[in-house]
Protein chains: 2
Amino acid sequence: MALEHAILVALSERAGTGYELARGFDRDGGDFWQATHQQIYRVLNRMADGGWVAAEHVAQTGRPDKKVYTVTGAGRVELARWLAEPAQPTHPRDDLAVKIRGASFGDPAAVLTEVERHLAHHAERLAGYEAVERREFADPTALTGHRLHQYLTLRGSITTERGLIGWYDEVRTALRRDSAT
Amino acid sequence: MALEHAILVALSERAGTGYELARGFDRDGGDFWQATHQQIYRVLNRMADGGWVAAEHVAQTGRPDKKVYTVTGAGRVELARWLAEPAQPTHPRDDLAVKIRGASFGDPAAVLTEVERHLAHHAERLAGYEAVERREFADPTALTGHRLHQYLTLRGSITTERGLIGWYDEVRTALRRDSAT
DNA sequence: TCTTCCATGTAAATGGTTACATGATTTG
DNA sequence: CAAATCATGTAACCATTTACATGGAAGA
């Protein structure tokens, strides 16, 4: 699974706490993974046991103490090994697509309402990604190495959101037309 | 979770065996869900216990016997209930995106090779979907109800594939340019 | 002869979600 | 005064994957 490796990438970019990782893997450009804090704490402990990451305990005043995690040499070796390994293409699983497909076995108007709600949600997410793009990556042609890879991941999020928005819009138009007859 | 409900949609369209469901939820238009046969058999048993589906045992000659599943009245009620319920927007988790993001912590050339492989794979999947679109849905403006919903799901698969292909192509160009310097 | 297709399943392990728990500080 | 933020965790449960198992028929 890739959660360990997504954490290794995030911590390679910048050391951080489990809490920060759970808040979103957001480091300039598309939160590229997500998981609950419970799972992240568990996985971080396992990774620390395996020697991929090391925790530095930091006492704070007025706030709970925290553990700042860093990738170790063994962690860097593991990440490089995993990066060279082939990934299998994944096929998205989308609840809303199942609902659209099955709309006529229930109330198509309720499905239409859901599509509209998701459309608004994704439009907002897209706007957020585009703002990051303008702010952080003004001149993409000049990018190289790590910054380029960050930018490309952000571009992936933007492309995905635009695709979803375009599709939901098509679905909305078609369902409205159909319910009008 | 939506696997039960994806199965209810698939079996509402046409009765079938666990084996057929595992082969792909493919019923004219985008395999809209996927799961291993092990999981499907388990879930089908649970659904049969809960009374959402009923199995008819069919003996065959020269082949193993099979169980053809049909949605029951209770299953139809449950599906309609679930369809009216809001879905939470899901955020895709893509291993290859993590690899692109982390490319500089390993060998970027290996990641580029993976991107090219995935590009070819998705181009092939897209061609398959487009062939179904031409063959089955020649006149989309005339579609209504269930056929329209099937078509819209297929359109979603096509949009997703085109988005991925566009993005992978952008990544390929950028990584090639960067490695040439 | 080897592989693939049909068709179903069990068992073990791993991955992920939900509920519960704590406690000070800051913001509305 | 209530809610959200910071920060970590345990326990129970549910979902998913991987490995193992069977066995005849058809095709390369």
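The chains referred to below are lettered A, B, ... by the order of the sequence lines, with proteins before strands, and numbering in each begins at 1. Predicted model, so just to flag it, every value in this text is computed and none were measured.
Inter-residue side-chain proximity for A:Lys67 and A:His57 is flagged as met; some heavy-atom pair is nearer than 4.5 Å. Side-chain contact between A:Arg176 and A:Glu116 is present, with at least one heavy-atom pair separated by less than 4.5 Å. The shortest side-chain heavy-atom distance between A:Arg93 and B:Thr90 does not fall under the 4.5 Å cut-off. Taking 4.5 Å as the limit, every side-chain heavy atom of A:Trp52 sits out of range of all side-chain heavy atoms of A:Leu11.
If you measure from atom CG of B:Leu3 to atom C1' of C:dG16, you get 15 Å, rounded to the nearest angstrom. Between the CG atom of B:Leu44 and the P atom of C:dT10 there is a distance of 12 Å, given to the nearest Å. For A:Ile40 and C:dG15, the CD1 to C1' distance is 13 Å, given to the nearest whole Å.
B:Trp33 and B:Tyr41 fall into different hydrophobic clusters, where Ile, Leu, Val, Met, Phe, Trp and Tyr side chains are chained together by heavy-atom contacts under 4.5 Å.
Take the nearest nucleotide of DNA chain C for B:Arg42 and for A:Arg46: the residue whose nucleotide is more 5' is B:Arg42.
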Protein-nucleotides 2-9 of chain C N/O pairs closer than 3.5 Å?
from	atom 1	to	atom 2	distance (Å)
C:dC6	OP2	B:Tyr19	OH	3.0
C:dA7	OP1	B:Gln60	OE1	3.2
C:dA7	OP1	B:Gln60	NE2	2.6
C:dT8	OP1	B:Lys67	N	2.8
C:dT8	OP2	B:Tyr19	N	2.9
C:dT8	OP2	B:Tyr41	OH	3.0
C:dT8	O5'	B:Tyr41	OH	3.3
C:dT8	O4	B:His37	NE2	3.2
C:dG9	OP1	B:Lys67	NZ	2.4
C:dG9	O6	B:His37	NE2	3.2

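Neither OP1 nor OP2 of D:dA15 sits under 4.0 Å from any side-chain N or O of B:Gln39.
Side chain to side chain, A:Gln150 and A:Arg147 meet the donor-acceptor criterion of an N or O pair below 3.5 Å.
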